[in-house]
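Here the structure is a predicted model, which means the values were calculated and not measured. Just the heavy atoms: all of them, side chains too, but no hydrogens, waters or symmetry mates, feed the values below.
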Protein chains: 2
Amino acid sequence: MKARSSDKHLSKPSDMNTALKIAEDSDGLFSDDDGILPSLKVSLADKVADYLREAIFRGKIAPGEQLREVPLSKVMGISRGPIRDAMNRLEREGLVTIPRNGRTIVARLTQEDFDEVYSLRLGLERVAMQYTIRNATPADLGEMQQIVNVMVEAVNRGISEKDAADLDLHFHDVLYQASCHKRLQSVWADLRPQIYIFLLSRNVADSDFRIQMTRHQEIVDVIRARDEAQALQVIETHLQVAYNRISKTYK
Amino acid sequence: MKARSSDKHLSKPSDMNTALKIAEDSDGLFSDDDGILPSLKVSLADKVADYLREAIFRGKIAPGEQLREVPLSKVMGISRGPIRDAMNRLEREGLVTIPRNGRTIVARLTQEDFDEVYSLRLGLERVAMQYTIRNATPADLGEMQQIVNVMVEAVNRGISEKDAADLDLHFHDVLYQASCHKRLQSVWADLRPQIYIFLLSRNVADSDFRIQMTRHQEIVDVIRARDEAQALQVIETHLQVAYNRISKTYK
DNA sequence: AATACTAAAATTGTTAACAATTGACAGTTG
DNA sequence: CAACTGTCAATTGTTAACAATTTTAGTATT
């Protein structure tokens with residue numbers, strides 16, 4: 001019986017035991033005392049969510065895999081409570097789905113998901129631009145410009161898909177920060193991980209991402225000019241180009 | 001010592017014991033078996049969240065009050081776990097804030113919050129309109145028209161502020177439903193309770209809400225016509241008028 | 001009166017155990 | 001073979017208790 005169970009277990013690579021994979025990484029990640037200031041202590045749930053999120057980004061945990069509380073709590077050496085909280089956090093970010101049966105499944109992001117993510121993103125970033133134009137400080141603008149400079153230099157030197165995605169989203173992080181609109185920031189925080197996944201997987205398939213990197217200068221310029229009508233145009237174009245670029249990789 | 005504590009306790013009406021207020025309502029709300037199909041069984045956390053959300057809407061629990069797990073679990077007759085989950089749910093909806101110290105405080109919604117909610121709402125509903133125009137079925141349109149008919153009739157007969165708010169949001173619920181855009185629906189579900197609170201409190205202060213009710217017919221018509229450019233214009237105007245109307249009540 | 005310190009109470013974070021639900025599997029029936 | 005049923009293991013939901021953190025109250029000092 002155990003042999004049969006094992007055979008079935010190995011018949012689907014996507015069913016490889018998630019907890020075993022995580023056990024490879026779990027060298028005291030969760031049980032150590034961080035030695036940081038108590039008021040900045042990071043909760044176990046946050047640590048677990050951060051770990052799982054990264055594991056999903058790296059492909060260590062694949063779409064369709066189920067995240068089970070009990071095995072995870074064993075390999076992480078913590079109780080199930082914080083794991084539950086972490087999984088609720090990941091659900092909010094769209095990285096997992098928790099259907100009616102309560103099981104937590106890593107999300108498969110389809111082309112339809114992509115369409116939703118980018119249409120929602122456009123709706124958000126239009127509002128963000130309106131607020132950023134109003135609220136961006138010279139420091140914000142300086143930070144955005146710095147990121148663009150790093151982008152341009154990196155593209156010239158040769159840049160990996162991951163670094164491109166990191167810089168791209170970091171730029172938009174600062175844009176949202178500059179908007180001083182807490183709710184926008186919150187929705188962005190929830191949407192960002194899905195966008196990252198799309199960028200990571202789709203940049204591999206599309207060599208034009210480097211061209212897209214350099215377009216961020218337009219955004220900085222139009223914010224600096226505080227020109228709202230132009231700003232909306234620029235962000236729409238920016239995201240539409242990104243949308244089209246990634247969309248092509250689904251064909 | 002106990003007498004002094006009691007004196008201090010009564011010195012701030014907003015500090016009246018939240019759990020005592022909830023005890024008035026908690027006649028088996030949470031511990032009863034619903035007798036519904038098992039597959040449709042509502043979790044305790046959902047029940048608690050629903051109850052607390054309504055209590056906040058009714059003003060039974062006031063902005064600034066702290067929701068404490070232990071007293072709540074005692075009066076509700078359940079453990080703290082589901083209460084924690086419920087409070088996390090309410091945080092997501094912006095009804096409570098959970099600062100760094102972990103305490104859960106019912107949110108005070110300021111004019112700035114109002115500004116954020118409505119700007120975000122506009123960004124979302126533009127996207128929703130684009131999708132609804134594409135995806136609305138005759139049944140969706142029929143449902144929206146039915147709600148508008150009820151609105152018009154109710155305004156003519158005389159309608160309470162609460163009923164107006166209920167109908168208003170129900171109309172937009174259907175709009176989002178018709179969009180077939182899951183992420184939009186999810187963000188709307190999180191934003192909706194805050195909008196409801198603004199409508200409830202501000203409708204009292206502004207007698208023009210009845211005029212606003214009747215403007216929903218325009219939305220139905222433009223969706224029916226599948227005219228996207230016009231649709232964006234209509235929803236912007238609709239929300240701008242609503243924004244202006246409520247904004248005035250802050251002066 | 002204002003500030004600082006300390007201890008205790010209050011509150012939240014986490015854990016382990018029990019309860020309830022879901023899924024997998026074997027056997028039976030048509 | 002497909003569909004159904006029953007059993008049991010797996011998994012999640014909830015609870016009570018312990019651990020850690022934050023707040024409050026009381027006292028001493030300036």
B:M87 CE to C:dT11 P: how many Å, rounded? 11 Å
Are OP1 or OP2 of C:dG23 and a side-chain N or O of A:N101 less than 4.0 angstrom apart? yes
Salt bridge present between B:E24 and B:K60 (N-O < 4.0 angstrom): yes
Hey, would you say the A:Y118 and A:F198 ring centroids sit under 6.0 Å apart? no
How close or far is atom P of D:dT12 from atom CD of A:E91, stated in whole angstroms? 13 Å
Closer than 4.0 angstrom, basic N to acidic O: yes or no for A:D113 and A:R108? no
Atom CZ of B:R103 and atom P of D:dT21 are separated, to the nearest Å, by 13 Å
Once you apply a heavy-atom cut-off of 4.0 Å, does B:I98 come out as touching a base, just sugar-phosphate, or nothing? nothing
Can you find a side-chain donor-acceptor pair between B:Y196 and B:D168 that sits under 3.5 Å? no
What's touching nucleotides 14-17 of chain C from the protein side, N or O pairs under 3.5 Å?
| residue | atom | partner | partner atom | Å |
| --- | --- | --- | --- | --- |
| C:dT14 | OP1 | A:L44 | N | 2.9 |
| C:dT15 | OP2 | A:S79 | N | 2.7 |
| C:dT15 | OP2 | A:S79 | OG | 2.5 |
| C:dT15 | O5' | A:S79 | OG | 3.3 |
| C:dA17 | N6 | A:R80 | NH1 | 3.3 |

Any chance you could lay out the ring-ring contact (aromatic ring centres under 6.0 Å, His included) test for B:Y131 and B:Y176, step after step, and finish with the verdict? CA-CA 9 Å; B:Y131 276 77; B:Y176 278 91; over 10 Å; no
Return the value, rounded to whole Å, for the distance between atom CZ of A:R100 and atom C1' of C:dT22. 13 Å
Closest to the B:E69 side chain: C:dG13, D:dT12, C:dT11? C:dG13
Without decimals, in angstroms, what is the distance between A:I83 CD1 and D:dT11 P? 13 Å
Is the closest side-chain donor-acceptor distance between A:R121 and A:H172 under 3.5 Å? yes
In whole angstrom, what separates A:R68's CZ from C:dT22's P? 16 Å
Give the rounded distance in Å between these two atoms: NZ of B:K47 and P of D:dG13. 15 Å
Phosphate-side-chain proximity, B:Q66 and C:dA10, N/O vs OP1/OP2 below 4.0 Å: no
Quick one: do B:R89 and B:D50 satisfy salt bridge (Lys or Arg N to Asp or Glu O under 4.0 Å)? Show the steps, please. CA-CA 10 Å; B:R89 172 74 220 177; B:D50 289 344; over 6 Å; no
